[in-house]
Amino acid sequence: MKKIIDEIRKLNIETVKENESLSKYTTFRIGGKAELLIEAKSDEEVLNLVRLFDETKTPYMLIGKGSNLLISDEGLTRPVIVLDKNFAKIKVLDGDVLYAEAGASLKSLANKALELGLGGLEAISGIPGTVGGGVYMNAGAYGSEIKDLVTKIRCIKNKEIVEIDASEAKFGHRRSVFQDEGYVILGAYFKLYEKSREDIEKEQRDYTQRRKDKQPLEYPSAGSVFKRPEGYYASKLIEDAGLKGLSVGGAMVSPKHSGFIINTGGATFNDVVTLISEVKKIIKEKFAVDLKEEIRIINE
């Protein structure tokens, strides 16, 4: 690792941290230390890091706001690149097109659209993730998905910066080509439309209130734990199985929304993983349905 650190120093990247707790970088507030954590600030910095790691055959990981991650308490030996607040510029193009860097929060993007009187982002304005994470997972809420708004994605493909059309992203339900091919998302172009600020603000308030009423926002979590099984809703299956409030250590199936597992205080990686396994086992026994995780579980 020392050799890699020396090489990174040569790239003149400002923020490089050693033995940094990853619990500060995830909404679950769970995770051990990263041996090396780098906060990137530009496309060029990310490209140089990707090229360095590829050339030295060093596995690495990228994260944004960590809103869909469960990271092991053992930490990570591979370098972690953070694309967050230092990689979050939003630009206005052609009046109704916005370009947002991967680290921009979906909330800040929606607020920029509100400021400009551009509609389309209202439903996803409350998703607690970044543009990069949203594109990677094709994030969605209340019937709207990232794929409905994105026209192009700027990314690193074959160690070069390119822009690909949304049709090449192979968006599906919480899926994209970026999960399969490992392209690094740098930013995305969003095609919006004119709409009154009053109507946008009203819809955003409505969606925000719905989340407050139905989701356990007062606790650390990673959002919906499971993908929607075909023909069912994971949260309804879990509720019908009587699993609301089921807990392991500090991890609990939310009594407010059974699709969420919350950190009630001091939950460990193993607490959450054990609880996930128990929920999957019971749902399989009761309903013959295999639940699959929507959150990313990182343990190496």
Side-chain angles (χ1 to χ4, degrees), residues 64-65 67-68 83 88-155 157 162-181 183-211 214-215 223-224 226-231 233-235 259 294-296:
K65 290 191 174 299
S67 59
N68 199 43
L83 305 180
K89 295 189 213 46
I90 299 171
K91 300 175 185 176
V92 185
L93 307 170
D94 301 327
D96 60 357
V97 176
L98 298 183
Y99 174 77
E101 290 184 328
S105 70
L106 292 169
K107 183 176 180 59
S108 67
L109 179 63
N111 286 342
K112 184 66 174 178
L114 168 62
E115 176 189 320
L116 297 167
L118 296 175
L121 291 161
E122 295 83 354
I124 65 173
S125 62
I127 296 175
T130 59
V131 166
V135 171
Y136 183 88
M137 290 295 296
N138 185 27
Y142 303 109
S144 179
E145 293 181 312
I146 288 288
K147 71 176 178 63
D148 302 325
L149 304 162
V150 167
T151 58
K152 289 189 298 184
I153 302 99
R154 187 171 173 84
C155 62
K157 176 182 176 182
V162 299
E163 292 186 349
I164 67 172
D165 189 82
S167 62
E168 298 176 63
K170 299 180 182 177
F171 287 123
H173 182 68
R174 305 299 175 261
R175 295 290 307 171
S176 76
V177 72
F178 305 100
Q179 297 173 36
D180 303 321
E181 301 296 339
Y183 305 156
V184 175
I185 299 164
L186 297 173
Y189 295 82
F190 293 80
K191 174 72 171 173
L192 306 177
Y193 53 87
E194 290 187 10
K195 189 172 181 177
S196 78
R197 291 186 181 86
E198 183 180 352
D199 287 345
I200 296 170
E201 197 165 18
K202 181 180 178 183
E203 286 188 39
Q204 283 194 4
R205 281 200 307 267
D206 177 54
Y207 287 125
T208 297
Q209 191 59 50
R210 287 199 223 178
R211 285 187 173 89
K214 296 180 180 179
Q215 297 179 8
S224 296
F226 300 104
K227 295 178 181 178
R228 187 173 65 212
E230 189 173 348
Y233 287 96
S235 58
E294 183 171 303
I295 63 171
R296 295 172 63 201

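Asn138 contributes no side-chain N or O that, together with a main-chain N or O of Phe171, makes up a donor-acceptor pair within less than 3.5 Å. A donor-acceptor contact shorter than 3.5 Å is absent between the side chain of Asn68 and the backbone of Gly223.
Take Arg154 and apply the salt bridge (Lys or Arg N to Asp or Glu O under 4.0 Å) test, not counting sequence neighbours, and it matches Asp43, Glu163. For Gln209, the side chain to side chain donor-acceptor pair (under 3.5 Å) partners at least two apart in sequence or on another chain are Asp213. Considering only residues two or more places apart in sequence or on other chains, Asp96 meets the side chain to side chain donor-acceptor pair (under 3.5 Å) condition with Lys191. By the ring-ring contact (aromatic ring centres under 6.0 Å, His included) test, Tyr189 pairs with Tyr99, sequence neighbours left out. Tyr142 meets the ring-ring contact (aromatic ring centres under 6.0 Å, His included) test with Tyr207; sequence neighbours excluded. With sequence neighbours excluded, the residues satisfying side chain to side chain donor-acceptor pair (under 3.5 Å) with Asp199 are Ser196. The ring-ring contact (aromatic ring centres under 6.0 Å, His included) search around Phe178 returns none, not counting sequence neighbours. For Tyr183, there are no ring-ring contact (aromatic ring centres under 6.0 Å, His included) partners, not counting sequence neighbours.
With a 4.5 Å cut-off on side-chain heavy atoms, Phe190 and Thr151 do not count as touching. By the 4.5 Å heavy-atom criterion applied to side chains, Ile146 and Leu106 are counted as neighbours. Glu181 has its side chain out of reach of Lys157: every pair of non-hydrogen atoms, C-beta onward, lies at least 4.5 Å apart. Looking only at side-chain heavy atoms (C-beta outward), Leu98 and Leu93 stay at 4.5 Å or farther from each other.
In this structure, CG on Leu149 lies 11.5 Å from CG on Leu118, to the nearest 0.5 angstrom. The NZ atom of Lys195 sits 14.5 Å away from atom CG of Leu116, with the distance rounded to the nearest 0.5 Å.
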Which donor-acceptor pairs under 3.5 Å do side chains of residues 123-136 form with protein atoms, sequence neighbours excluded?
{"unit_1": "Ser125", "atom_1": "OG", "unit_2": "Glu122", "atom_2": "O", "d": "2.7"}
{"unit_1": "Thr130", "atom_1": "OG1", "unit_2": "Ala102", "atom_2": "O", "d": "3.4"}
{"unit_1": "Thr130", "atom_1": "OG1", "unit_2": "Gly133", "atom_2": "N", "d": "3.1"}

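By the neighbour-count criterion of 12 heavy atoms within 6.0 Å, atom OH of Tyr233 is sparsely surrounded, having that number or fewer from other residues, nucleotides or ligands.
For the pair Leu121 and Ala113, the tightest heavy-atom approach, listed with the atom from each and the gap, is CD1-CB, 3.8 Å. Scanning all heavy atoms of the two residues, the minimum distance from Leu192 to Gly119 falls at CB-O, 3.3 Å. Between Ala104 and Ile90, the closest heavy-atom pair is CB-CG1, 4.1 Å.
In summary, Arg210 and Asp206 engage in a salt bridge, as defined by a charged side-chain N under 4.0 Å from a carboxylate O.
Within the structure, every pair that satisfies the side-chain hydrogen bond (donor to acceptor under 3.5 Å, both in side chains) test and touches residues 104-113, not counting sequence neighbours, is listed here: Ser105-Ser108, Lys112-Glu115. Residues in residues 165-178 take part in these side-chain hydrogen bond (donor to acceptor under 3.5 Å, both in side chains) pairs, two or more places apart or across chains: Glu145-Arg174, Asp165-Ser167, Arg175-Gln179, Arg175-Asp180. Listed by first and then second residue, the salt bridge (charged side-chain N to carboxylate O under 4.0 Å, His left out) pairs involving residues 127-143 amount to none (not counting sequence neighbours).
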